[in-house]
Amino acid sequence: MKLGIIGGSGLEKLEGLECRRIHTADTPFGKPSDGIVEGVIGGATLYFLPRHGRGHTILPSEINHRANIYALKQLGVTHILSISAVGSLQEQYAPRDIVVIDQFYDRTKQSAAHTFFGGGIVAHLAFANPVCPELLSPAVHAAPICRSKADWDGH
């Protein structure tokens, strides 16, 4: 497994990551949000990309998701963990709680802007289980507090 981490709001840099190299990329979809930091943490090599750029200068609607993913793929990344600080309107989730999701809805109406298909390339992809099971279980076990369906199911 070659791990890439995309950090969102609240995670613009990864503490403890020893930088070995910063990769710049140009993709068929344009430039990614920032340079990709290749580094080592806990003896493991990983690739880190701040979703909103260094200094948090890219709005959510301006993020070039395809370029971000393509640039990580160019570096040989096989798995991506995306981490964000978000709020909740549900009282059972307090600030600093960690929630690992295993399902989600895309209500942005921008799916055409986030696909690698189109322009003569047709694909039908199932979206029933959008979260990688190889990353779900380790993410649940790494979180000190976890309130996810996977946690309830004993994964």
Side-chain angles (χ1 to χ4, degrees), residues 1-88 90 92-104 106 108 110-111 113-117 125 127 129-155:
M1 178 186 303
K2 201 166 184 180
L3 181 63
I5 296 179
I6 299 176
S9 297
L11 189 65
E12 294 174 13
K13 62 182 179 179
L14 201 54
E15 283 192 40
L17 182 65
E18 177 188 324
C19 178
R20 296 266 170 95
R21 182 175 174 196
I22 297 177
H23 299 270
T24 57
D26 199 5
T27 77
F29 305 98
K31 294 195 177 296
S33 297
D34 209 322
I36 299 169
V37 177
E38 177 182 345
V40 176
I41 191 166
T45 298
L46 59 86
Y47 298 82
F48 178 76
L49 174 64
R51 177 183 296 115
H52 298 281
R54 272 177 286 196
H56 205 273
T57 59
I58 302 171
L59 292 171
S61 60
E62 298 173 331
I63 295 170
N64 190 338
H65 300 284
R66 292 185 293 185
N68 288 348
I69 292 169
Y70 196 97
L72 288 166
K73 183 69 174 170
Q74 284 178 317
L75 294 171
V77 167
T78 59
H79 293 73
I80 297 173
L81 183 62
S82 179
I83 302 170
S84 294
V86 298
S88 173
Q90 298 182 28
Q92 73 258 30
Y93 299 114
R96 301 182 64 112
D97 277 358
I98 296 173
V99 178
V100 179
I101 64 166
D102 64 350
Q103 287 288 336
F104 56 89
D106 180 2
T108 65
Q110 296 182 8
S111 57
H114 301 298
T115 182
F116 292 98
F117 304 107
L125 302 173
F127 207 67
N129 297 297
V131 178
C132 173
E134 287 182 65
L135 287 181
L136 183 63
S137 182
V140 168
H141 292 296
I145 300 171
C146 186
R147 296 180 175 146
S148 73
K149 183 180 179 303
D151 190 41
W152 300 328
D153 290 346
H155 286 83

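Computed from a predicted structure; not experimentally measured.
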Non-hydrogen side-chain atoms of R66 and T27 separated by less than 4.5 Å: no
Any side-chain heavy-atom pair of L17 and L46 under 4.5 Å: yes
Y70 atom OH, neighbour heavy-atom count above 12 within 6.0 Å: no
Nearest non-hydrogen partners of A67 and G30, listed with the distance: CB-O, 3.5 Å
Check: M1 and L135 side chains under 4.5 Å, non-hydrogen atoms: yes
Distance-minimising heavy-atom pair for S84 and G8: OG-CA, 3.9 Å
Pairwise salt bridge (Lys or Arg N to Asp or Glu O under 4.0 Å) hits with a residue in residues 39-63, at least two apart: D34-R54
Student check: side-chain heavy atoms of L72 and I6 closer than 4.5 Å: yes
H52 side-chain N/O to T57 backbone N/O, donor-acceptor pair under 3.5 Å: no
Rounded distance [0.5 Å steps], CG in N68 versus CD1 in I63: 7.5 Å
Distance-minimising heavy-atom pair for L136 and D102: CD2-CB, 3.9 Å
Partner set under salt bridge (Lys or Arg N to Asp or Glu O under 4.0 Å) for R20, not counting sequence neighbours: E18
Nearest heavy-atom neighbours spanning G35 and L49: O-CD1, 3.9 Å
Taking every non-hydrogen atom, the tightest pair across V77 and L3: CG1-C, 4.1 Å
Distance in Å, Q90 CD paired with D97 CG, rounded so as to fall on 0.5 Å steps: 11.5 Å
Plane angle bin for Y47 and H23 - parallel if under 30°, tilted between 30 and 60°, otherwise perpendicular: tilted
Over all atoms of both residues, closest heavy-atom pair of I58 and S33: CD1-O, 3.5 Å
